[in-house]
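Computed from a prediction, not measured in an experiment: that's the story for all the values here. Every chain is numbered from 1 and lettered A, B, ... according to where its sequence line falls, protein lines coming before strand lines.
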Amino acid sequence: MPGPADRLSYMRIATWNVNSITARLPRLLAWLESTGTDVLCIQETKTTAEGFPAAELRELGYESAVNATGRWNGVAVISRAGLEDVVTGLPGGPGYEGVQEPRAVSATCGPVRVWSVYVPNGREVGHDHYAYKLRWLEALNKAVAEGAAGQRPFAVLGDYNIAPTDEDVWDPALFAESTHVTPAERAALAALRGTGLQDVVPRPLKYDRPYTYWDYRQLGFPKNKGLRIDLVYGNAPFAAAVKDSYVDREERKGKGASDHAPVVVDLDV
DNA sequence: ATGGCCTGATCTTCAGGA
């Protein structure tokens, strides 16, 4: 017999590398209001937990789960759909130069469990940071495997710093010797898919590819010289609930934009 | 129209981003 508990629940979930939540705060608050986003996974907060604008977000109805320690990295989940069972950091994750960096936080937001991740950049193939990136991805794989295989909608959203295929790179030849496209990095994504997660590919609002990042330099955005490196990896129950997904390239426009655009996912859960 | 880097700190110069 149908009842209130059987009603579909519509949720808008998104991920966005804001490149400093302090610098982006006016645009972030306006974007939350205009899009009606319920849950946002944030990367590169570039502030301490104390500097995180939890009070401003609370005024808009969002609770915050924050993992941030200073000028580099920093992640958060903000939600107006519940925020429980927060886990700060990547269990079993490696440090870099002896430091556990703030690159992961997870939480349960109503019917969905989400991770916000900021995968290490890697800098150059062969650099210590590149080895760190691969180790970090191995630890992520282990940490999310149980949720990925579970019955509850579950997704790992964030800046993966990996373009899954050459189609996700505006000029593959230019990136031939670079991080973000190497077989080892793409194998780490494949291993993640092997846990039961799938790439929820958003639709572009313009042009043919759903890029999510464009370099600030050399007119990268106007020329659409982009990469798709901000990803939503969801398990089967999550993917089944997806009604739409798109890259909000409008948010990349104009003065005071991040170099990443938000990826938005609409769910019936 | 979307426009030749941006951010925060070590703060006038730099690391890091990708």
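- Remark: A/Tyr130 is not in phosphate contact with B/dA18, judged by side-chain N or O atoms under 4.0 Å from OP1 or OP2.
- For the pair A/Val119 and A/Thr22, both in contact range of DNA chain B, the more 5′-proximal nearest nucleotide belongs to A/Thr22.
- The side chain of A/Asn19 lies closest to B/dT7, out of B/dG8, B/dT7, B/dG17.
- At the phosphate of B/dG8, OP1 or OP2 sits under 4.0 Å from a side-chain N or O atom of A/Ser20.
- Within the structure, a side-chain polar atom (N or O) of A/Arg123 is placed less than 4.0 Å from OP1 or OP2 of B/dG17.
- Taking atom C1' in both B/dC5 and B/dA18, one finds a spacing of 13 Å when rounded to whole Å.
- Nearest to the side-chain atoms of A/Asn161 among the listed nucleotides B/dA18, B/dC5, B/dG16 stands B/dA18.
- Whole-Å rounding puts the A/Asp230 CG to B/dG17 P distance at 15 Å.
- With values rounded to the nearest 0.5 angstrom, A/Asp208 atom CG is found 15.0 Å from A/Arg203 atom CZ.
- A heavy-atom distance below 4.5 Å is not found between the side chains of A/Thr47 and A/Arg71.
- B/dT12 and B/dA1: their C1' atoms are spaced 35 Å apart (whole Å).
- Put simply, CG on A/Asp215 is 14 Å from C1' on B/dG3, counting in whole angstrom units.
- When A/Tyr233, A/Trp115, A/Trp136, A/Tyr213 are each tested for a ring pair (Phe, Tyr, Trp, His ring centres under 6.0 Å) with A/Tyr160, only one passes: A/Tyr233.
- Of the N and O atoms on the side chains of A/Trp16 and A/Asp159, not one donor lies less than 3.5 Å from an acceptor on the other residue.
- One atom, CD of A/Gln218, and another, P of B/dG17, lie 19 Å apart when rounded to the nearest Å.
- Put simply, OH on A/Tyr132 is 13 Å from P on B/dA18, counting in whole angstrom units.
- Within 4.0 Å of A/Ser258, counting heavy atoms only, lies no atom of the nucleic acid at all.
- Remark: the backbone N or O of A/Pro164 is paired with a side-chain donor or acceptor of A/Arg186 at under 3.5 angstrom.
- Contact annotation for A/Glu250: no contact, since no heavy-atom pair falls under 4.0 Å across all strands.
- Among the protein residues, A/Asn73 comes within range of no part of the nucleic acid, since none of its heavy atoms lies under 4.0 Å from any strand.
- Using atom P as the reference point in both B/dA9 and B/dG4, the two lie 25 Å apart (nearest Å).
- Contact between A/Tyr211 and A/Arg228 at its shortest, heavy atoms only, is CD2-N, 3.8 Å.
- For A/Tyr207, whose side chain is taken as the heavy atoms from C-beta onward, the closest listed nucleotide among B/dA9, B/dT2, B/dA18 is B/dT2.
- Nearer the 5' end of DNA chain B, as judged by each residue's closest nucleotide, is the contact made by A/Thr45, out of A/Thr179 and A/Thr45.
- Distance from the side chain of A/Asn121 is smallest to B/dA18 among B/dT2, B/dT7, B/dA18.
- For the P atoms, the distance linking B/dT10 with B/dC14 amounts to 15 Å, nearest Å.
- Protein atom NE2 of A/His260 is 12 Å distant from nucleotide atom C1' of B/dC6, rounded to whole Å.
- For A/Trp72, counting side-chain heavy atoms from C-beta on, the closest listed nucleotide (B/dG3, B/dG16, B/dT2) is B/dG16.
- A/Lys206 contributes a side-chain N or O that forms a donor-acceptor pair with the base of B/dT2 under 3.5 Å.
- Looking at the side chain of A/Leu219, the nearest of the listed nucleotides B/dG17, B/dG3, B/dG8 is B/dG3.
- With rounding to whole Å, A/Glu97 atom CD is found 14 Å from B/dA15 atom P.
- Separating the CG atom of A/Asn17 from the C1' atom of B/dT7 is a distance of 12 Å, rounded to the nearest angstrom.
- In the set B/dG16, B/dC5, B/dG3, the nucleotide with an atom closest to the side chain of A/Tyr216 is B/dC5.
- Across the P atoms, B/dC6 and B/dC11 are found 22 Å apart, a figure rounded to whole Å.
- At the heavy-atom level, A/Gly254 lies under 4.0 Å from the strands shown only through sugar-phosphate atoms.
- Rounded to an integer number of Å, the gap from A/Arg24 CZ to B/dG17 P is 17 Å.
- Considering only side-chain N and O atoms, A/Arg217 lies nowhere under 4.0 angstrom from the phosphate OP1 or OP2 of B/dG17.
- Counting non-hydrogen atoms under 4.0 angstrom, A/Tyr213 reaches the backbone sugars and phosphates but no base.
- Between A/Arg113 and A/Thr108, the side chains place a donor N or O and an acceptor N or O closer than 3.5 Å (distance only, hydrogens not considered).
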